[in-house]
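FYI, side chains are in, hydrogens and waters are out, and symmetry mates aren't considered; it's all heavy atoms of this structure. Each chain gets a letter, A, B and so on, in the order its sequence line appears, and its residues count up from 1. Just so you know, these numbers come straight off a predicted model, no measurement behind them.
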Protein chains: 2
Amino acid sequence: MAKYRQIYERLAERMKTGEYAAESKLPSETELMHEYEASRGTVRKALDLLQEHGYVRKHHGKGVFVLRRDQIEFQFNGIVSFSEVYASMLGRSIQTSVASFEDIEAPAWLADRMNLTPGTRMFRIERVRNFDGENVILDVNYFVKDLVPGLTEEIAAQSIYAYVEHELGMQISYAKRKIAAEDVTELDRLRLDLHDYEYVIVITNDTFLYEGRQFEYTESRHRLDKFQFSDVARR
Amino acid sequence: MAKYRQIYERLAERMKTGEYAAESKLPSETELMHEYEASRGTVRKALDLLQEHGYVRKHHGKGVFVLRRDQIEFQFNGIVSFSEVYASMLGRSIQTSVASFEDIEAPAWLADRMNLTPGTRMFRIERVRNFDGENVILDVNYFVKDLVPGLTEEIAAQSIYAYVEHELGMQISYAKRKIAAEDVTELDRLRLDLHDYEYVIVITNDTFLYEGRQFEYTESRHRLDKFQFSDVARR
DNA sequence: CAGGATTTGTACGTATGTATG
DNA sequence: GCATACATACGTACAAATCCT
């Protein structure tokens with residue numbers, strides 16, 4: 001792994017564990033240079049990455065400050081799978097369990113939406129995200145089977161995106177997202193600890209490969225109080 | 001302006017005008033070095049920025065390629081006030097009324113959040129968006145007064161962003177957005193037709209100028225059923 | 001298929017500018 | 001004014017991915 005990336009991960013780790021507390025100032029670039037035996041440019045690349053991912057905020061002439069991260073956050077501009085996000089919040093217990101794993105024929109509404117030939121085989125996967133002992137997020141994924149051969153329940157329990165990108169070497173190009181509130185469904189009640197909430201926040205996600213082919217459709221259904229989305233828009 | 005940013009803008013310009021066509025390859029870093037009389041590091045910073053902003057994609061060993069523009073357009077990367085976007089999504093018009101327009105001292109929490117010296121004068125504006133006869137969105141804007149001189153209630157009733165950009169000629173750099181659900185407040189009940197909804201979706205928006213100075217903080221509070229957000233994320 | 005040429009990625013060093021306290 | 005800390009810019013070297021002869 002690249003050195004700046006190692007420094008990034010080490011620093012992120014120390015913020016997650018609280019060694020570098022929220023609101024506090026990180027060591028200066030010069031100090032980090034000596035600590036990690038790296039050049040200033042390399043240290044700066046690590047710090048830039050931390051800022052891009054929402055860990056810190058740099059202030060010219062003052063220093064680099066640790067940001068608070070108390071809620072579940074979808075912080076990045078890029079396409080991020082939920083386990084990637086959770087991985088970024090280590091220190092809090094988040095567990096994924098596969099509630100359902102089926103090999104089905106694409107339902108009509110989905111074949112239409114994804115522009116597939118009717119009858120296409122797909123994986124339909126339900127995964128529940130448990131945060132601090134409560135089931136608060138339900139992910140329902142639909143993958144085109146031909147495009148993710150060898151996908152198993154065990155992989156789904158880990159990170160499907162890591163499998164798709166690193167094992168299969170697939171090139172993801174872009175994803176369309178939509179966020180809206182919806183009434184809770186029977187499935188939500190079955191899978192989630194909803195308490196009295198009557199609504200869920202639903203993120204729908206259509207993911208495309210470089211050639212423009214869609215290989216995934218996902219609905220991520222969040223309990224209201226555990227939902228947060230952040231991003232940075234630029235001109 | 002920094003040199004790498006000048007190169008960034010020049011290249012972006014040449015892509016917008018079509019001089020660098022979509023799907024085509026940009027000149028190599030070495031060529032750009034000579035063309036702009038800059039070091040490789042500086043050229044690379046400009047290219048990184050272009051990629052981050054969705055103009056190009058870099059491929060190790062191959063080159064830097066111009067992305068299709070139509071998808072960038074659809075992206076929410078313009079820093080548009082959310083309600084304008086919402087209106088265009090539904091293809092209908094929203095009526096805006098200014099519910100409150102004050103000249104105040106920055107409250108402590110906001111001075112802290114925006115990194116302002118305490119006592120800074122600000123405009124605090126409440127605007128209500130009416131759709132199909134119901135008040136469904138409440139925008140609360142805070143602007144640093146020094147940075148938007150001459151802002152009036154009449155302008156607020158139209159588009160503040162149009163005023164800021166075209167009349168004042170200010171250069172907006174980027175905005176940080178966060179979306180989350182919150183309990184309704186007294187203010188929500190006062191301004192909106194909430195029916196039985198107990199929650200609102202709140203979009204907070206911190207907007208920055210090129211120099212990194214923040215000039216605005218906004219909360220856009222949406223009735224649950226009238227909220228929708230879409231965007232395109234790119235790897 | 002080998003191997004060199006091209007192109008982007010990483011890393012180091014140095015110097016100077018700008019913001020903050 | 002001075003010290004500290006981050007920002008920009010230049011130059012160099014080598015690594016890794018890709019392309020081409």
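- Every residue two or more places apart in sequence or in another chain was checked for a ring-ring contact (aromatic ring centres under 6.0 Å, His included) with B/Y4, and none qualifies.
- Whole-Å rounding puts the B/K45 NZ to C/dT8 P distance at 19 Å.
- At whole-Å resolution of the value, CD1 in A/I7 and C1' in C/dA11 are 10 Å apart.
- For A/K25, the side-chain contact (heavy atoms from CB on, under 4.5 Å) test picks out A/F65, with sequence neighbours left out.
- Rounded to whole Å, atom P of C/dT7 lies 14 Å from atom CZ of B/R44.
- For A/F123, the ring-ring contact (aromatic ring centres under 6.0 Å, His included) partners at least two apart in sequence or on another chain are A/F101.
- Take A/R124 and apply the side-chain contact (heavy atoms from CB on, under 4.5 Å) test, not counting sequence neighbours, and it matches A/S100, A/E102, A/I104, A/E126, A/V140, A/Y142, A/L187.
- Residues passing the side-chain contact (heavy atoms from CB on, under 4.5 Å) test with A/R40 are A/E29, A/M33, A/R44, sequence neighbours excluded.
- Spacing between atom CG of B/L32 and atom C1' of C/dT8 amounts to 12 Å, rounded to whole angstrom units.
- In this structure, the side-chain hydrogen bond (donor to acceptor under 3.5 Å, both in side chains) partners of B/S28, at least two apart in sequence or on a different chain, are B/E31.
- When the nearest nucleotides of DNA chain C are assigned to A/A2 and B/L26 by heavy-atom distance, the more 5′-ward of the two goes with B/L26.
- Rounded to an integer number of Å, the gap from CZ of B/R57 to P of C/dT8 is 15 Å.
- Mapping heavy-atom proximity under 4.0 Å, the span of DNA chain D touched by chain A runs 5' to 3' from D/dA5 to D/dT8.
- Between A/M1 atom CE and C/dT10 atom P the separation is 12 Å, expressed in whole Å.
- For B/Y20, there are no ring-ring contact (aromatic ring centres under 6.0 Å, His included) partners at least two apart in sequence or on another chain.
- The side chain to side chain contact (heavy atoms under 4.5 Å, CB included) with B/S220 is formed by just one residue from the set B/I203, B/V202, B/N141; it is B/I203.
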Give me, pair by pair, the N or O atoms of the protein and of nucleotides 12-19 of chain C that are less than 3.5 Å apart, along with how far apart they are.
residue: C/dC12; atom: OP1; partner: A/K3; partner atom: NZ; Å: 2.6
residue: C/dC12; atom: OP2; partner: A/S39; partner atom: N; Å: 2.8
residue: C/dC12; atom: OP2; partner: A/S39; partner atom: OG; Å: 3.3
residue: C/dC12; atom: OP2; partner: A/T42; partner atom: OG1; Å: 2.8
residue: C/dG17; atom: N2; partner: A/H60; partner atom: NE2; Å: 3.3
residue: C/dT18; atom: O2; partner: A/H60; partner atom: NE2; Å: 2.9

